[in-house]
Amino acid sequence: MRKIAEGAEADIYEDTVLGIAAVLKKRRVKRYIEPALEKDLRLQRTKAEARIMGAANMMGLNVPALLAAGADTIFMSRVAGKPLHGLPRQAMDRAMNDAGEILGRLHSVGIAHGDFTPANMLVDASGALWLIDFGLATQHASREDLATDVLLLKRSVSAREYSAFLKSYSKWGGSSEVLRKLASMERRGRYQTRSLETR
Amino acid sequence: MAVLGIESSAHTFGAGVVDGGKILANAKEMYRIEGTGMLPMKAADLHAANAAKVIRRALRQARMSMRDITAIGYTKGPGIGPCLRVGMLAAKTLAQVHSLPLYPVNHAVAHIEITRHLSGMGDPIVLYVSGGNSQVLGRVEEPFRHYNVYGETFDIGVGNMLDNFARAAKLNPAWGSSVAKLAEGGRYLRMPYTVKGMDFTFTGLLTNAVKMLASNDRKDVAFSLQETAFAMLSEATERAMLLARKSGVIVCGGVAQSSRLSSMLEAMAAQHGERFFVAPNEYNADNGAMIAFVAEQMAKSGHAVPYAECTVNQKFRADTVRLLW
Ligand SMILES: Nc1ncnc2c1ncn2[C@@H]1O[C@H](COP(=O)(O)OP(=O)(O)OP(=O)(O)O)[C@@H](O)[C@H]1O
Ligand SMILES: [Mg+2]
């Protein structure tokens with residue numbers, strides 16, 4: 001198996017499973033964390049990722065299909081896509097529009113992604129967006145968890161990209177409540193003086 | 001050029017002297033917190049009483065008089081209003097009397113920059129951890145050079161979280177260092193672990209740990225609280241380092257005095273073949289030398305601020321500061 005990526009948490013290998021282009025995601029042991037806690041985190045994140053990515057896939061969303069899961073490994077279908085980084089303006093707007101739609105659908109069933117940034121998105125040849133990395137996702141998410149997804153995206157894209165995202169995210173009926181929560185989180189102080197948006 | 005730096009953002013009044021990046025003096029007096037926690041007006045009164053003495057001591061350590069000083073820096077914020085104003089007034093008065101340029105310094109940037117200077121690293125990922133703050137930062141060039149906050153606490157700072165736990169566990173003194181002592185030899189109990197991307201929250205962890213005190217060995221609760229909180233910080237730092245492609249890890253601020261946090265970050269860095277650095281404790285505690293250090297950088301890059309614009313800002317964020325060096 002060939003290693004194709006090193007995430008912050010996991011090594012990603014490419015492979016073929018029953019003729020399907022697949023990737024194996026294997027979480028690394030973080031030797032700096034107390035072993036009992038580290039093992040808890042590794043197993044719990046793998047379990048959550050498999051379960052929630054599987055659920056999102058069943059909803060027909062653009063996420064990898066779950067092929068098999070072990071204690072700290074997941075086999076999933078390989079997305080033929082590129083990172084968002086450096087996409088031309090129009091393609092980026094399309095991607096952000098897709099991101100808003102996918103997040104709206106996830107939020108409508110109470111799923112928060114937990115790390116909703118462009119680093120966890122890929123764009124395929126047709127320009128469609130795929131969402132990956134459900135390791136920090138939660139089911140039965142609180143409104144604050146949902147608002148955190150939006151906040152993480154807002155902080156990691158430009159104002160124009162964020163408004164493209166909002167346009168489609170706002171089509172989901174529950175979005176206004178989440179956005180209200182987001183506004184109150186931003187007022188809570190930590191973010192109010194962040195006057196300087198860099199990206 | 002010899003620069004005098006004055007720090008008074010919280011319970012410490014400090015004065016330091018720096019000359020060409022060399023630290024010549026670092027004097028301080030602390031307000032001792034008793035029972036009730038910190039009373040801002042009492043601390044400010046004490047700072048006012050200590051100011052002249054501490055500044056004189058710093059000059060003596062540097063073997064200098066005010067005539068040798070060519071610029072003055074003071075902490076503009078973030079911090080506690082009444083405390084900040086004492087340092088600002090002392091700095092302004094001295095600057096006016098001796099006709100010296102005055103430089104308002106961001107407290108967090110000062111902790112970061114003195115640590116980066118001592119580390120010899122160029123562009124590391126930074127974990128800044130103090131009572132009220134917990135942030136992961138790194139230098140970014142656009143739209144101008146500044147420290148970008150990659151992740152931070154959504155609620156309380158890790159220092160305040162440890163202090164609160166220490167109070168609930170009736171530790172004396174009610175500080176993080178007492179939690180560390182209690183934690184020695186503890187066993188791990190499961191606790192809530194909340195990292196969202198590169199951000200994190202501590203209130204859920206604190207509430208849970210305080211509740212667990214009722215039915216568990218205090219030692220185990222303290223151990224697990226500390227391991228969980230520091231692992232959250234280390235993971236967020238690791239993520240930011242990889243995503244932002246930074247080289248090297250530094251930690252600074254009051255909680256950087258914790259040896260467990262340092263050893264965790266050092267192991268994290270080692271796993272990626274990266275260097276780790278933490279400054280001696282005197283620079284992680286609040287101090288005047290770091291203010292002098294940054295003021296000298298500002299002076300060298302021509303960043304003088306008119307006296308009238310030398311104010312304090314309790315919520316002065318590190319990511320709003322333009323770095324001209
Ligand atoms: N199903 C997939 N198809 C194609 N590429 C993938 C797939 N899953 C992961 N990758 C690649 O591997 C990289 C890391 O994956 P992922 O984000 O799941 O790992 P991680 O370690 O959890 O990430 P992080 O760095 O966000 O913690 C992705 O950015 C992507 O390039
Ligand atoms: Mg990822």
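Numbered from 1 within each chain, the chains take letters A, B, ... in sequence-line order. Everything quoted here is computed from the prediction, not taken from an experiment.
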Side chain, backbone, both or neither of [X] within contact of chain B (heavy atoms, under 4.5 Å):
| X | answer |
| --- | --- |
| A/A119 | side chain |
| A/E9 | side chain |
| A/T117 | neither |

Next item on the list: Under 4.5 Å heavy-atom distance to chain A, tell me which part of B/F230 shows up: side chain, backbone, both or neither.
Entry: neither
Item checked: Which atoms of B/S224 approach chain A - backbone, side chain, both or neither, heavy atom under 4.5 Å ->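 It is neither, since no heavy atom gets under 4.5 Å.
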Next item on the list: Please check if the side chain of B/E235 supplies one atom and the backbone of A/K30 the other of a donor-acceptor pair under 3.5 Å.
Entry: no
Close side-chain approach of [X] and [Y], heavy atoms under 4.5 Å:
| X | Y | result |
| --- | --- | --- |
| A/L37 | B/R190 | no |
| B/F154 | A/L151 | yes |
| A/D40 | B/Y193 | no |

Note to self: Please identify, among A/G114, A/G7, A/G135, A/P35, the residue contributing the most non-hydrogen atom pairs under 4.5 Å to chain B.
What the structure shows: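 Of the options given, most contacts go to A/G114.
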Item checked: Option that, when pairs with chain A are counted at under 4.5 Å, heavy atom only, ranks first among B/L189, B/L242, B/L265 -> B/L242
Notebook entry, point to check: Which is it for A/R155 and B/D199 under the side chain to side chain contact (heavy atoms under 4.5 Å, CB included) test, yes or no, and what are the steps along the way?
Noted result: CA-CA 11 Å; A/R155 278 178 39 189; B/D199 297 302; 2.9 Å; yes
Item checked: Straight-line distance of A/E144 CD to B/T201 OG1, nearest 0.5 Å ->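 Atom-to-atom, A/E144:CD and B/T201:OG1 are 8.0 Å apart.
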Checklist line | Shortest non-hydrogen contact between A/E34 and B/R260, atoms and distance | finding: N-NH2, 4.5 Å
Next item on the list: Could you pull out the closest heavy-atom pair between B/R239 and A/A8, with the gap in Å?
Entry: CG-CB, 3.8 Å
Notebook entry, point to check: Between A/T138, A/D115, A/D145, which is the residue that forms a side-chain contact (heavy atoms from CB on, under 4.5 Å) with B/K196?
Noted result: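 The option that passes is A/D145.
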Check: Pick one: which of B/E266, B/Q271, B/E238 meets side-chain hydrogen bond (donor to acceptor under 3.5 Å, both in side chains) with A/Y32?
Finding: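 Going through the options one by one, the only one that passes is B/E238.
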